[in-house]
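Here the structure is laid out as structure tokens; the discussion comes afterwards.
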Amino acid sequence: MNVSELIVQSLRALGVRHVFGYPGDPSVEVLEAARRAALPFVLARREGTAGLMAEAAGMLTGLPGVCLSTLGPGSSNLVNAVANAWLDRVPMLAFSGQIETQREPYFTHQVLDHGRLFAPVCKWATAIQPHTAATILRKAVRSAMAERPGPVHITTAADVVGAEAIDDRFVLPPLAAREFPLAFATDAAAADAAKRLSAARRPAILAGIGAVRANASEALARLAESLGCPVVVAPMAKGVIDETHPYYAGTLDMACKDLVWDFLSGCDLLVAAGFDAVELINPWRLKVPTIHVDSLPNTDQVYPAELELVGPIGAILEALAASSKSAPRWTEDEVAAQRARLRAAYLEGRTKGRLNPTDVVDAVRAALPQETIATADVGSHKLLVGQGWTAHAPRSVLMTNGLSSMGFSLPAAIAAKLVHPERPVVCFTGDGGLAMVQGELALAAGLTIDPLIVVFCDNSLNRIELKQSRRNYPSWGTLIEPTDLEKLAQSMGCDGVMVDSVAALERVLGAKRASDRPLVVGAKIDPAQYAAQF
Ligand SMILES: Cc1ncc(C[n+]2csc(CCOP(=O)(O)OP(=O)(O)O)c2C)c(N)n1
Ligand SMILES: [Mg+2]
């Protein structure tokens, strides 16, 4: 078995179903090994988008997303996606080719030092060798998946990929640590937490991506119900509690953020459940005593916590639910009133008779079934989708709120469709974000998948343009040309349509459409609502 075959075999053993990438000379052996093992290779239009597809696959499955590039320009193109997975805390295995091992130390053409290039944006940057191959892969997998998960970058040199693997027995490591039940009743910190919760009159839970990774949804709902306590979620954790649950109380740091922060300020105890401060866009402003519940200690200290309960998040939340008795602290009506305030604020600033950004979010939500996977890009539209889209299950909304790289949502939607072909997928993107990655429309068409791609067309990098106007600066360097998305989509093998009214949008969403072709809907919105909101 050569090293490439060993790599493919270990990816198979791990349950990986796709490799996303863009090849070069040193990738040929890896491609051939994947072909022989019938491991699908998804040829993206550039490495950066391939990596974002891998990231989305990692978000959806919890297994490392796998991407591949050539050396030099391929690896440098891959850096953005690896960094995105790094700050979004998504497990990833990123492979880049390299010149032969003997030439690497001195040769210059296309040779970058991958160790130095990737070290700041991954958990481990390493290289594979025949005599250590299986061990390196085992360590890479375990490192990528261990809390907090993230990317591992593996250099595969041109002379190594075809060489016989000497260390050739890949043993799949346990992918999660055995979580022993906590001795909650006898633990002083736990008893302290239970006492504080029992004494609290206005507690709230702030749930984040750690709770999603820990599959703690049920425990979270149980704690909310047993306390009678609202749950605010971080954007990437949307769906960790069904947003139609009576105790769901909004998404943090998206649209209407002051309402959410003020609501939390009024609480007398906060349980941060798997909340990762990487999702904070604004500085922490709460003075509320906080209990940090996570698989890791609160080493970031972006927010202070008086007490830390570190371990299996679901088990800790269950134990808190069981141990903190007393009457519900909030009525369901009080939490419903908060949701109603949020909804009213989210709708503010619309212009009658125009296609407002929230009209687009709401019409799409109304037209698509509960099990839809939504991906959102980065920009003004994301803030409204983040608050306005009703999520029903964890891992059903994919967005990047760690690195927050534009151009994420289209590749993520393609990956979502490959991972879950049976579920409807909608991609929300700004016109700026789409322009960065629009070549991938041709990939989506080639794959005969049917994501719905909804583009907020405002001819602007609105999020930045608004910041200019806040300072009374003219819009300069932030305007983009209008694009005929109907023509663009068609030239890429997709269906396309432009709409400029709610009625036209609803007609398109209600019409029967091809199940083997993406549909691009260019929504010509009136951006005035953004200005009113942000
Ligand atoms: C790769 C990248 N470049 C720049 C930014 C900074 N940025 C954040 S939002 C934004 C504007 C996005 O424009 P568009 O996609 O049209 O969305 P809109 O704000 O108009 O809804 C920019 C430039 C970023 N987040 N990522
Ligand atoms: Mg825009």
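Counting starts at 1 for both ligands and their atoms, in listed order.
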Carboxylate-amine/guanidinium proximity below 4.0 Å for Arg148 and Asp300: yes

Close-contact set for ligand 1 against Asp458 heavy atoms, below 4.0 Å: 20 (O)

Plane angle bin for Phe428 and Trp389 - parallel if under 30°, tilted between 30 and 60°, otherwise perpendicular: perpendicular

Sub-4.0 Å atoms of ligand 1 with respect to non-hydrogen atoms of Ser404: 24 (C), 25 (N), 26 (N)

Any N/O pair His381/ligand 1 closer than 3.5 Å: yes

Arg45 charged N/C atom sitting above Tyr22 aromatic ring, 6.0 Å / 45°: no

Which atom of Asp431 approaches the Mg ion (ligand 2) most closely (N/O/S): OD1

Mode of Pro527 contact toward ligand 1 - side chain, backbone, both, neither (heavy atoms, under 4.0 Å): neither

Parallel, tilted or perpendicular: rings of Phe118 and His114 (30°, 60°): perpendicular

Closest approach of any protein heavy atom to atom 13 (O) of ligand 1, naming residue and atom: Leu461 CA, 3.4 Å

Ionic contact status for Arg89 with Asp276, cut-off 4.0 Å: yes

Proximity of Ile480 to ligand 1 by residue part, where a heavy atom lies under 4.0 Å: neither

Which N, O or S atom of Asp458 lies nearest to the Mg ion (ligand 2), by name: OD1

Validation row, ring centre Tyr303 to ring centre Phe275 under 6.0 Å: yes

Tyr346 vs Leu384 side-chain heavy atoms within contact, under 4.5 Å: yes

Ser460 N/O to ligand 1 N/O under 3.5 Å: yes

Atom 14 (P) of ligand 1: nearest protein contact (heavy atom, Å): Gly432 N, 3.6 Å

Atoms of ligand 1 close to Arg463 [distance to a heavy atom under 4.0 angstrom, numbered from 1]: 9 (S), 19 (O)

Ser380 neighbourhood, listing ligand 1 atoms whose heavy-atom distance to it stays under 4.0 Å: 18 (P), 19 (O), 21 (O)

Glu279 side chain reached by Pro235 side chain, heavy atoms, under 4.5 Å: yes

Pro424 and its side-chain contact (heavy atoms from CB on, under 4.5 Å) partner, picked from Thr372, Leu452, Asp450: Thr372

Carboxylate-amine/guanidinium contact Asp526 Arg354, below 4.0 Å: yes

Residues Arg343, Asp362: salt bridge by 4.0 Å N-O rule: yes

Nearest neighbour in protein (non-hydrogen) for atom 15 (O) of ligand 1: Gly433 N, 2.8 Å

Min heavy-atom dist Ile464 to ligand 1 below 4.0 Å: yes

Per atom 10 (C) of ligand 1, closest listed option by heavy atom (Met406, Glu465, Met436): Met406

Metal check, the Mg ion (ligand 2) vs Ser460 N/O/S, cut-off below 2.8 Å: yes

Numbering as shown, the atoms of ligand 1 that approach Asp431 to under 4.0 Å (heavy-atom distance): 16 (O)

Ligand-residue contact atoms, ligand 1 with Asn462, heavy atoms, under 4.0 Å: 18 (P), 19 (O), 20 (O)

